[in-house]
Asks: 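One structure, pasted below without further comment.
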Amino acid sequence: MTTLIGRGVVTGVALGRIKRPAQDLTAWLDRYVPGTVDEEAARLERALAGAKGQLLAIRSGPAVDDTLAAIMDAHLLMLDDPGLIEGIGEKIREGIGAPPAVIEACEAYAGLFASLDDPYLRERAADVRDIGRRVAGLLLGVDRENVEPPETPDDGAQDAQNVQDSHGAASAVVLCAPDIEPSVVAAYPPGRLQALLLGQGSTTSHAVIIAKARGIVTVVGLGDALEQIPDGAEVIVDGATGEVSLSPPAPERHAALARIAEQAERRQRDLAEAALPAVTRDGVTVQLAANIGVPGEVENARALGAEGVGLFRSEFLFMGRDTFPSEEEQFLAYRQAAEGCGGHICVIRTLDIGGDKPLPHLAIAKEHNPFLGWRAIRISLERTELFRTQVKAILRAGCHGKVAIMLPMVISAGEIRQARALVAEAATELTAEGRPFAAHVPVGIMIETPAAAATAHLLAPACDFFSIGTNDLVQYTLAVDRGNAKVASLYSHFHPAVLRLIDATIQAARRQGIWVGMCGEMAGDPLATPLLVGMGIDELSMSAPSIPRVKAVIRRLSTAEARSLRDAALALDDAAAIRAYLEEMRTPPSA
Ligand code: PEP
Ligand code: MG
């Protein structure tokens with residue numbers, strides 16, 4: 001059995017047949033009969049209006065969640081992009097029909113995005129192609145939503161199908177592509193798409209964001225290895241280890257089927273207990289919170305057992321628009337999130353722009369190495385008017401619920417002092433304006449640079465809390481780009497260097513008497529939970545679907561066991577050995 005290894009981003013086991021999304025419209029294009037230039041222009045007008053109608057319908061449909069709604073909003077904006085529309089018009093005037101004009105212009109636009117250095121902008125190439133195929137599909141009379149879902153699998157997939165059927169799904173599909181359009185993922189009915197295998201290494205593409213929100217097992221960063229996976233092949237996907245096993249023999253298939261059945265049962269049990277607090281057997285409580293990008297996500301997070309928000313990625317409010325959001329707009333968003341937390345804290349991270357998250361209207365000069373460049377707190381401390389506006393909105397939201405301010409990418413105590421001085425200025429301005437605001441909003445920092453982790457004991461006196469951002473901490477500690485498929489297998493939060501920095505951070509916070517949480521992906525990895533509890537973590541914040549499982553793991557732990565597990569793991573010398581040890585010590589799934 002051949003096993004490929006990528007980077008697992010949504011955990012779980014899936015068994016299904018490989019389906020490559022039908023991205024080829026050639027058959028329809030060949031049959032298309034173009035009209036005159038004016039007729040084609042008129043058809044384009046109608047198709048653009050139709051595409052807008054489709055996006056608006058998805059956006060207001062019953063199955064929409066906030067993640068999908070935000071992505072559809074971004075697509076609506078792209079449909080209005082004058083450069084793109086002009087590009088299509090130009091091609092129609094050259095005499096080619098509207099559908100190839102749309103495909104070619106969008107491909108050229110996507111090519112521009114794909115060639116950019118910036119990883120975030122590169123990922124938008126898939127969105128542009130998605131729009132192009134939607135509009136071309138309308139022109140060609142292709143119903144995309146019905147073209148993409150696969151045929152019923154043949155008899156060979158029967159076992160897998162039976163397992164899925166018993167949980168309400170029609171068939172087990174594993175989508176496989178170098179990169180994938182978000183609406184292809186979104187178009188699958190719940191439960192039918194079991195796993196997603198991508199060549200690209202990003203965990204922040206829109207398709208991956210949808211997969212996370214829906215709990216679809218996902219492995220990214222498979223790169224050229226994807227070519228080794230034949231269409232229609234049966235595969236086992238392990239989203240925890242990033243392993244993809246091709247054409248598994250009978251014993252492996254049966255083991256996978258047993259794990260899938262176990263997983264489904266466990267999920268039901270976890271969900272039934274999701275509202276209970278995460279308290280260890282000996283009475284230590286860990287607060288489990290959610291990571292959100294838009295305020296509307298809070299409701300679903302609470303239904304999954306979230307006790308507040310540990311990371312509100314506020315940059316989503318700033319993206320996909322031409323101007324900065326006003327203080328009032330931000331206030332309304334933060335207030336909605338804070339109110340939704342129902343008395344729990346809502347930790348709002350200040351603008352984390354730069355690196356993998358650019359903002360076109362914030363003119364950041366081209367940088368050779370944007371991850372080490374002008375980003376996050378560095379921008380806030382220079383563009384102080386932006387920072388003060390944001391802080392004022394947060395302080396005002398503090399009258400409607402518990403809020404906290406979290407600073408990203410900190411490397412020194414000086415930065416925290418400067419930021420605190422600006423928070424005080426914002427409060428003075430609000431007083432002068434006579435606006436109500438919360439006077440004592442906690443200010444904490446993300447620990448996501450090795451500098452911050454190594455000097456956590458020096459930073460702690462200036463902070464009200466810490467939250468460990470492992471996504472960046474791992475990449476900066478190991479010198480492994482978090483979005484680079486080529487080095488995805490080196491990216492591990494179980495590396496001994498990363499674990500030492502996490503442990504030192506937690507101990508520094510405890511000595512200072514401030515709370516310490518984690519909001520990077522590691523927080524939602526149930527394999528890491530006993531280790532983090534053993535280190536003494538107070539809070540774990542994660543994508544909401546991960547909460548029930550992590551809660552269940554905590555409720556079965558004792559802190560004495562967790563501490564000895566931490567000691568043993570820290571004595572091991574590499575990430576693979578640590579992962580294997582944690583697997584071995586894992587509480588039996590049935591427990
Ligand atoms: C992190 O770095 O762990 C984190 C939570 O921030 P982001 O993923 O938004 O960079
Ligand atoms: Mg980060």
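Whatever order the structure lists them in is the order used to number ligands and atoms, beginning at 1. One-based numbering along the sequence shown.
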Asks: Is Gly469 in polar range of ligand 1, meaning some N or O pair under 3.5 Å apart?
Replies: yes

Asks: Looking only at side chains, do Gln475 and Asn471 share a donor and an acceptor under 3.5 Å apart?
Replies: no

Asks: How is the N/O/S atom of Asp472 that comes nearest to the Mg ion (ligand 2) named?
Replies: OD2

Asks: Any idea which atoms of ligand 1 are less than 4.0 Å away from a heavy-atom of Met446?
Replies: 4 (C), 5 (C), 6 (O)

Asks: Quick one: which ligand 1 atoms are inside 4.0 Å of a heavy atom on Cys519?
Replies: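 Under 4.0 Å from Cys519, ligand 1 has these atoms: 5 (C).
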
Asks: Hey, is the Mg ion (ligand 2) within less than 2.8 Å of some N/O/S atom on Glu448?
Replies: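 Checking the Mg ion (ligand 2) against Glu448, an N, O or S atom does fall under 2.8 Å.
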
Asks: Taking only heavy atoms of Leu311 into account, list the atoms of ligand 1 that are under 4.0 Å away from them.
Replies: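 With Leu311 as reference, the close atoms of ligand 1 come out as 5 (C).
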
Asks: Is it true that a side-chain atom of Arg420 and a backbone atom of Ala462 form a donor plus acceptor pair closer than 3.5 Å?
Replies: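 Confirmed, Arg420 side chain pairs with Ala462 backbone.
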
Asks: Check this for me - ligand 1, Asp472, N or O atoms closer than 3.5 angstrom, yes or no?
Replies: yes

Asks: Taking all heavy atoms of Gln200 and all of Val208, pick out the closest pair and write down the distance.
Replies: NE2-CG2, 4.2 Å

Asks: Measure across Leu276 and Lys551 and return the closest heavy-atom pair with its distance rounded to 0.1 Å.
Replies: O-NZ, 2.8 Å

Asks: Can an N or O of Arg482 be found at a distance shorter than 3.5 Å from an N or O of ligand 1?
Replies: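 Arg482 vs ligand 1: N/O contact under 3.5 Å present.
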
Asks: Just by distance, do the side chain of Ser380 and the backbone of Leu386 share a donor-acceptor pair under 3.5 Å?
Replies: no

Asks: Which label fits Tyr334 and Phe312: parallel for a plane angle under 30°, tilted from 30 to 60°, or perpendicular past 60°?
Replies: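 Tyr334 vs Phe312 ring planes: perpendicular.
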
Asks: Side chain, backbone, both or neither: which part of Arg349 comes within less than 4.0 Å of ligand 1 when only heavy atoms are counted?
Replies: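 Side chain only.
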
Asks: Ignoring hydrogens, what is the shortest heavy-atom contact between Ile506 and Met535? Give both atom names and the distance.
Replies: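 Between these two residues, the closest heavy atoms are CG2-O, 3.0 Å.
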
Asks: Measure across Gln390 and Leu351 and return the closest heavy-atom pair with its distance rounded to 0.1 Å.
Replies: OE1-N, 2.9 Å

Asks: Tell me the contacting part of Ile468 for ligand 1: side chain, backbone, both, or neither, using a 4.0 Å heavy-atom threshold, strictly below.
Replies: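 Near ligand 1, Ile468 shows nothing, with every heavy atom at 4.0 Å or more.
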
Asks: Of the backbone atoms (N, CA, C, O) and the side-chain heavy atoms from C-beta on, which set of Arg313 has a member under 4.0 Å from an atom of ligand 1: side chain, backbone, both, or neither?
Replies: side chain

Asks: Where's the contact between Met518 and ligand 1, heavy-atom distance under 4.0 Å: side chain, backbone, both or neither?
Replies: neither

